[in-house]
Amino acid sequence: MTRRGLRSVLFGLILCFVGLTAAAQSPWRVQTYGWEVDTMKYALREDGLAAQTGFYFPDYKYQDKPLTDGFVPFQKEQFEVPGREAVDAMVWRKRFATPVEGRVKKSYLYHRLFVEKIPSFTIYLVTEEGVWYENTFTIDFQRYQVPDWEPLSDWQRVTLPDAPASTEAEVFVDEEHPANAFSELIIAYESDEDAAFAIGDLQLFDIAVVERPYHHPLFDPITGQNSLRRLTNNSFYKPEGSSMVLTDMSFYSMAEHQYSDFYIVANDDEAEAYDSTALLVDVIEQVLHHYPFYAERGLEKADLLAQLADIEAEGLSYGHLIDRLRQFIAGFHDTHFFIPEETSRRSALRGGPVRLYEIDGRLYVAALFAPSLEDKLSLGDEVLAIDGEPVEKVIESRAEGYRGTPSARRRKAISQILHRRKDDTATITVASASGDTSSVAIAYNERLVVPANFRTPHAEFKLLDGNIAYFRMKEFSLEVWIRFLNHIEAIRQAQGIIFDLRGNGGGELLGGLRIVSTFLDRPAVFSHAAHLPGEDARESRMMAPHPDFDLDIPIVILGDKGTACASEVFIHTLRHYDDAVFVADSRTAGAQGARINIYLPDGLRIVSDSWVKEWMAPDGSVIETQGLTPDVWVWKNRVEDLAPYDDKVLQTGLRVIQAFRPKQAPPLIEAAERAGAPQRSPAVVSKGSKR
């Protein structure tokens, strides 16, 4: 028996007979870091101001609650900042009876806001000595805003033009001036009469960074824990403030341990004495034991564990061992499992003035961003070679350096095949539509202006063809929920909605599930997972219909090869429960891991998707490496079919929406209720029957 095999057997016996007491004998523990409010210095909702109803400040963090009232304390006045001209502004002043101290790296201001027809606003902090500090906030989108946590160190001192040189801090608090006391807080904005500004919440507080112990079967053999004993039941329940119906297992993992960064640290002060090589191999071994996608990727666990043992037996130095393991794991081509190189050469590369696109296995010029190339290249020119190498050979070579399925690696290689450093050049050989060939040099040192139709906006909303709602999400984040709700009334009245998830590689699943909940009329399973208990036990993860919003309109979802992870869950769930139609020119990426970061004591980071042992869609299918097949295929056969031009995928989605029956007019009573509702906030609607 090998040393590793003997060690595993002995360690298993220790866990079996000693149980939780083994934790005290292990040199390691796992923890996460988070922050919590240490000292609350001011809370608007405890200040006795009169609140106004008719608002709906959406939930944001995992267990946030929506707020249905807000505060509008602003008064119009001639507002003057020292050293500046007075202006007509809406102003709210809060004077503190006792000066409030701000401390560097500890003091924050938090706010939840509603703004309309306001481009920006400024918050001022005034010290006891009358020194003013300011922080101006630009409004990127109107109505309800993403809750913001701003450190007081972001406030800049108002410079007085006639004041002598001062040794006071230019910022409110910084490393050299670790504290400052202020006696007044002022919010001011210039606006027209139709503008609106309401505060849902505003707090000033100090934070404390806290350590949270983390227990998971992935780490049990290393820490000596038995995580299974920490779970008490597996019944479904809905935690207050949550959009999901959870089991004890999923709540334990998702609510108590929301952080994706986990640190292995020593249990004593002798951290420098640990065996870095053994710990690194132990962590990789545990990740391989829990790796969720052996079948999907055609891998054999026994073979990989044997390869790991062989690598350990090579006796490499620690640095060479890291390189060897990085190469070993790269063979998985898994976007959620790798040892990253913290500095990447690709980060220094830049896109050039030519954008390429693949159609039926051939590469074509899809966009030109430099006027100097307009007489040398044309849209639709086929690319035959790059720097003298046949283009297919270049694609295949580049694709090996990326992670993901073969199609995903190919897509990434093509998207960056002409990326170079600033002073580099590239030469492409092309064939025109008439068959003429030419070689064109591309420079990377000129300033490029990318047209607006080539920039993919995030959380873009608009109405198409009169009354079809369109919502574009570049990625899933918690803020997409707020951005979506800002248009809820227009969406309810639309003939249908198109969700554009092309190129959306995933992100924060909760943001997408909150949107999904508005289309449900019953509790729905959004995945099945082997989550915490280990090899065999599974659970179903559910979500509830939204208690306040009920949308009943046809749904079309657009996707492509870059649509992955949380986007695939979004598509499959809406398709499974609400007859959404998926329109695309390809299958989705098929990347379904739940990525975490594991840090060793020396700072080495291991990215792993072994946090969830298995993940299945509601119908029991597996998305990893397979992707989702479109309900409606779109065939692109020319460059003009792409999104910046005719956008054949979007046009197909519009035709699908138009094929649904027209949306029925709302009942008169419901319409009257909406007419009387405040125009500045989404109405809370009653649940109704689905189509």
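These figures come from a predicted structure and were not determined experimentally. Index from 1, following the sequence.
- Nearest heavy atoms, Arg297 versus His333: NH1-O, 3.5 Å.
- Put simply, the side chain of Asn504 never gets that close to the backbone of Ser567: no donor and acceptor are under 3.5 Å apart.
- For the residue pair Thr629 and Phe582, the shortest heavy atom distance occurs at O-CD2, 3.7 Å.
- Looking at Asp334, its side chain does come within 3.5 Å of a backbone N or O of His336 through a donor-acceptor pair.
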Are Ile199 and Ile187 close enough, and set up right, to give a side-chain contact (heavy atoms from CB on, under 4.5 Å), and what steps lead you there? CA-CA 11 Å; Ile199 306 172; Ile187 301 179; 4.1 Å; yes
Verdict with supporting geometry, Thr53 and Thr68, side-chain contact (heavy atoms from CB on, under 4.5 Å): CA-CA 6 Å; Thr53 59; Thr68 55; over 6 Å; no
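- Note that CD1 of Ile557 is 8.0 Å distant from CE of Met473, once rounded to the nearest 0.5 Å.
- Using bins of under 30°, 30° to 60° and over 60° for the plane-to-plane angle, the ring pair His572/His576 lands in the tilted bin.
- Pairing each heavy atom of Phe471 with each of Ala459, the nearest pair is CE1-O, 3.8 Å.
- Note: Trp149 and Tyr110 meet the aromatic proximity criterion, with ring centroids under 6.0 Å apart.
- Here the side chain of His111 pairs no donor or acceptor atom with the backbone of Leu113 at under 3.5 angstrom.
- Here the straight-line distance linking atom CG of Leu464 with atom CD1 of Ile498 works out to 6.0 Å at 0.5 Å rounding.
- A donor-acceptor contact shorter than 3.5 Å is absent between the side chain of Glu211 and the backbone of Thr32.
- Shortest non-hydrogen contact noted between Phe293 and Glu296 is CA-OE1, 3.1 Å.
- Between Val581 and Ile657 there is no side-chain heavy-atom pair separated by less than 4.5 Å.
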Check step by step if side-chain contact (heavy atoms from CB on, under 4.5 Å) holds for Ile598 and Val287. CA-CA 10 Å; Ile598 303 170; Val287 170; 4.3 Å; yes
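- Two residues are said to be in side-chain contact when any heavy atoms from C-beta on lie closer than 4.5 Å; Leu204 and Tyr108 fail this criterion.
- The CZ atom of Phe74 sits 7.5 Å away from atom CH2 of Trp92, with the distance rounded to the nearest 0.5 Å.
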Could you walk me through whether Arg514 and Tyr60 satisfy the side chain to side chain donor-acceptor pair (under 3.5 Å) test, starting with their C-alpha distance in whole Å, then the side-chain angles of each, then the deciding distance to 0.1 Å, before giving a yes or no? CA-CA 10 Å; Arg514 282 171 168 164; Tyr60 180 65; over 6 Å; no
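- Classification of Lys561 and Asp585 as a salt-bridged pair fails, no side-chain N sitting under 4.0 Å from a carboxylate O.
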Begin with the C-alpha distance, continue with both residues' side-chain angles, and end with the deciding distance and a verdict on side-chain contact (heavy atoms from CB on, under 4.5 Å) for Gln286 and Ile222. CA-CA 9 Å; Gln286 292 312 309; Ile222 295 171; 4.1 Å; yes
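- Residues meeting the salt bridge (Lys or Arg N to Asp or Glu O under 4.0 Å) test with Asp206, sequence neighbours left out: Lys41.
- Scanning all heavy atoms of the two residues, the minimum distance from Pro213 to His215 falls at CB-NE2, 3.9 Å.
- When each of Phe71, Phe121, Phe114, Phe55 is tested with Phe197 by the rule ring-ring contact (aromatic ring centres under 6.0 Å, His included), just one qualifies, namely Phe121.
- Looking at Gln52, its side chain never comes within 3.5 Å of a backbone N or O of Gly70 through a donor-acceptor pair.
- Aromatic ring orientation, Phe337 versus Phe332: perpendicular (interplanar angle above 60°, classes split at 30° and 60°).
- The pair Lys474-Glu460 does not meet the salt-bridge criterion, since no charged nitrogen lies less than 4.0 angstrom from a carboxylate oxygen.
- Looking only at distances, a side-chain donor or acceptor of Lys301 sits under 3.5 Å from a matching main-chain atom of His289.
- A salt bridge does not link Arg655 to Asp465: none of the charged side-chain nitrogens sits closer than 4.0 Å to a carboxylate oxygen.
- For Gln493 (side chain) and Ile491 (main-chain N/O), no donor-acceptor pair under 3.5 Å exists by modelled atom type.
- Between Phe484 and Trp481, the angle of the ring planes stays under 30°, which puts this pair in the parallel group of the 30/60° scheme.
- Two residues are said to be in side-chain contact when any heavy atoms from C-beta on lie closer than 4.5 Å; Asp631 and Val583 fail this criterion.
- Side-chain N or O atoms of Tyr144 include one that pairs as donor or acceptor with a backbone N or O of Tyr56 at under 3.5 Å.
- Nearest heavy atoms, Ala617 versus Ile623: CB-CD1, 4.3 Å.
- Asp261 is listed as a side-chain neighbour of Tyr599, based on a closest heavy-atom distance under 4.5 Å.
- Put simply, CG on Asp47 and CG on Leu44 are 6.5 Å apart, with the number rounded to the nearest 0.5 Å.
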Should Glu508 and Ser477 be marked as a side chain to side chain donor-acceptor pair (under 3.5 Å) after you check the CA-CA gap, both sets of side-chain angles, and the distance that decides it? CA-CA 5 Å; Glu508 175 55 66; Ser477 58; over 6 Å; no
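- Two residues are said to be in side-chain contact when any heavy atoms from C-beta on lie closer than 4.5 Å; Leu67 and Asp201 meet this criterion.
- With hydrogens and angles left out, the side-chain atoms of Tyr33 and Gln31 include a donor and acceptor closer than 3.5 Å.
- The shortest distance between side-chain heavy atoms of Leu485 and Ile515 does not fall below 4.5 Å.
- Atom CZ of Arg472 sits about 10.5 Å away from atom NE2 of His458, to the nearest 0.5 Å.
- Put simply, the side chain of Pro618 does not reach to within 4.5 Å of the side chain of Ser527, judged on heavy atoms.
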Can you list the steps and then say if Tyr470 with Phe461 is a ring-ring contact (aromatic ring centres under 6.0 Å, His included)? CA-CA 6 Å; Tyr470 171 91; Phe461 175 82; 8.6 Å; no
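- For the pair Phe519 and Leu574, the minimum side-chain heavy-atom distance is below 4.5 Å.
- Side-chain atoms of Arg502 never come within 3.5 Å of backbone atoms of Leu558 as a donor-acceptor pair (strictly under, hydrogens ignored).
- Distance alone, capped at 3.5 Å, is enough to place a donor-acceptor pair between the Arg112 side chain and the Pro58 backbone.
- Ring planes of Phe499 and Phe570: perpendicular class, angle over 60° (limits at 30 and 60°).
- One distance of note links OG of Ser586 with CG of Asp560; it measures 5.5 Å at 0.5 Å rounding.
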